[in-house]
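Presented below is the structure to which this report refers.
Count residues from 1 along the sequence.
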Amino acid sequence: MTVSRPSYDRHEISVGIVHFGVGGFHRAHQAMYIDRLLEMGLAKDWGICGVGVMAADRKMADVMAAQDGLYTLLLENPDGTRTARVIGSIIDYRYAPDDPESVIELLAAPSTRIISLTITEGGYNIDGAGPESVFGLVAEALARRRDRGIASPTIVSCDNIEGNGDVARHAFTTYADRVHPGLGEWMTAHTTFPNSMVDRITPVTTPDVIATVKDEFGVDDQWPVVAEPFTSWVLEDDFSVGRPPLEKVDVLMVDDVTPYELMKLRLLNASHQSLCYFAYLAGYRLVHDAAGDPLFAEFLMSYMDEEATPTLKPVPGIDLPDYKRTLIERFANPGVKDTIARLCYGSSDRIPKWLLPVIRENLRTDAPIRLSAATVASWARYAEGVDEQGEPIDVQDQLADTLVPLAKSQRTNPTAFIENAEVFGDLANDSRFVEAYVWALESLHRDGARATLETLLRKDSR
């Protein structure tokens, strides 16, 4: 099978975008869009320099150095066919701990007009952030730009957070004022932080993916990335010093991304959470197997129709019923081989940002919350650390040391888990939520995941 490769001369491309957090999603999404523009001859001064700041980024730095920034994007189609493309838009990569000064000067250079981020939902906590963190490096660079009379770049968050641009603005300006008093005010006046909605299911690269790229396409790639064919990017058109012509590659440039963002976070992302804990407890380990189970598919559609959709704003140009049907089909794509464990990772970051807002809105309007509350209960049951077959669960969460002991105590204290105010705020004080949550938790303990879903989906149970 053939693999398409860049026809453009990468030596003619200069850096216009510096991106923090070069992982699978960035390489399947933003870097892919820039590669498309480069292929069209439209973005020669918008090449990407990736930056790593975490110890775990060392491997990516080594791979990028060995492969001159090139990597393979493998698309798994629902019909079982595959297509592959070598992406060439990342023309440089720097590991900040090795040379923070070079990263700061790159960020301070007039040619850098966009700083973009995929630093995960939990990456915007500035407590404990130091000078070699994302916030420290950007603050020092913007202080130099201010002092040198260089215009501010745009900072674009591509993380799955409601109001991701607003969250980034608060984090960066607050940190900047701590280390350079007055810099936050300058940024407020000169730096734009457009909100964005990003969407492409991108599972972790496994040895099988590496083998497939080599065996079927003849490419020896140490770290390819695999994704579904669907991709979407909605971005507010608010840039400090210009941008690439992203609309030429189907990025939707809008004045207000909020309706699209809510649609994606509360339908796709929250549905992933609605699926993963029930599925893991029931013995599923791959997303497509669980989503292909009619019981789980019905539960997801019921959640989306009855609880999530009523909380959304009108979404211009989007057929919501079709979008929801397509989501189930995307989840059930057998080629993607996404893992349930990946969806369960970092729950204490994800649930509060994607699902709890749906619950709070429906509590406020006296709308249904039973399915959402059951999802929270499924997380609490999962956090006990053992599935329904008695097999141990490796609970990967930054708050695991706090949440797992709470979960293990809930057979005697059913509300122990949701009494954690750091995660749930005051939800444990809402009697309607507590009643629905405790019912689901007790059902999970007594009857298991499948029986709980079956009962939830009976009309007379609601």
Pairwise side-chain contact, P316 with Y260, heavy-atom cut-off 4.5 Å (strictly under): yes
Just to verify, what does R360 make a side chain to side chain contact (heavy atoms under 4.5 Å, CB included) with, not counting sequence neighbours? L356, D426, L427
Electrostatic pair D98-R58, nearest N-O below 4.0 angstrom: yes
In chain order, what residues pass the side chain to side chain contact (heavy atoms under 4.5 Å, CB included) check against A61, with sequence neighbours excluded? Y93, Y95
Beyond-backbone contact of R10 with L70, side-chain heavy atoms, under 4.5 angstrom: yes
For E121 and K353, run salt bridge (Lys or Arg N to Asp or Glu O under 4.0 Å): C-alpha distance rounded to whole Å, both residues' side-chain angles, the deciding distance at 0.1 Å, then the answer. CA-CA 8 Å; E121 298 81 23; K353 293 180 175 71; over 6 Å; no
With a 6.0 Å cut-off on the ring centroids, do F278 and F296 count as close? no
L74: which of T83, V226, V225 passes side chain to side chain contact (heavy atoms under 4.5 Å, CB included): V226
Could E162 and R266 be called an ion pair, given the rule that one side-chain N must be under 4.0 Å from one carboxylate O? yes
I'd like to know if the side chain of H19 pairs up with that of S116 as donor and acceptor (distance under 3.5 Å, no hydrogens or angles considered). yes
When V51, I155, L106 are each screened for side chain to side chain contact (heavy atoms under 4.5 Å, CB included) with I115, the one that passes is I155
Please name the residue in the list D45, I114, V251, V249 that meets the side chain to side chain contact (heavy atoms under 4.5 Å, CB included) test with P244. I114
Got a salt bridge between K324 and D322, using NZ or NE/NH1/NH2 to carboxylate O under 4.0 Å? no
Would you please indicate if the ring centroids of F417 and F424 are separated by under 6.0 Å? yes
Only pairs at least two apart or in different chains count here, so list each side chain to side chain donor-acceptor pair (under 3.5 Å) that has a residue in residues 177-186. E140-H180, W186-H190
Please identify each residue that fulfils salt bridge (charged side-chain N to carboxylate O under 4.0 Å, His left out) with D319, with sequence neighbours left out. none
So F135 and Y124, would you call those rings parallel, tilted or perpendicular, with 30° and 60° as cut-offs? perpendicular
Show your working on salt bridge (Lys or Arg N to Asp or Glu O under 4.0 Å) between E76 and R330 and close with a plain yes or no. CA-CA 11 Å; E76 293 279 6; R330 291 168 61 193; over 6 Å; no
Salt bridge present between R285 and D338 (N-O < 4.0 angstrom): no
Between the side chains of E101 and R144, is the shortest nitrogen-to-carboxylate-oxygen separation below 4.0 Å, so that they form an ion pair? yes
For residues 395-407, which residue pairs qualify under side chain to side chain donor-acceptor pair (under 3.5 Å), counting only residues two or more places apart or in two chains? S348-D397, S348-Q398, D349-Q398, D394-Q396
State whether D166 and R169 are salt-bridged, where the test is any N-O pair (Lys NZ or Arg NE/NH1/NH2 against Asp/Glu carboxylate O) under 4.0 Å. yes
Evaluate the side-chain proximity of S89 to I91: yes if any heavy-atom separation is below 4.5 Å, no if none is. no
Residue pair L75 / P229: nearest heavy atoms and the distance that separates them: CD1-CA, 4.4 Å
Side chain to side chain contact (heavy atoms under 4.5 Å, CB included) filter on S7, not counting sequence neighbours, yields E39
Answer with yes or no whether the side chains of T375 and S274 bring together a donor and an acceptor at under 3.5 Å. yes
Once the angle between the rings of H29 and F25 is folded into 0 to 90°, is it parallel (under 30°), tilted (30 to 60°) or perpendicular (over 60°)? parallel
Straight-line distance of L343 CG to S271 OG, nearest 0.5 Å: 11.0 Å
Heavy-atom pair of closest approach, residues D35 and V86: OD1-O, 4.3 Å
Nearest heavy atoms of A227 and P203, plus distance in Å: CA-CD, 4.5 Å
State plainly whether the residues E384 and K408 are in salt-bridge range, i.e. N to O under 4.0 Å. no
Would you call R432-E435 a salt bridge at under 4.0 Å N-O? no
Y71 six-ring centre to R27 NZ/CZ under 6.0 Å and within 45° of normal: yes
Distance from R85 atom CZ to L73 atom CG, nearest 0.5 Å? 9.5 Å
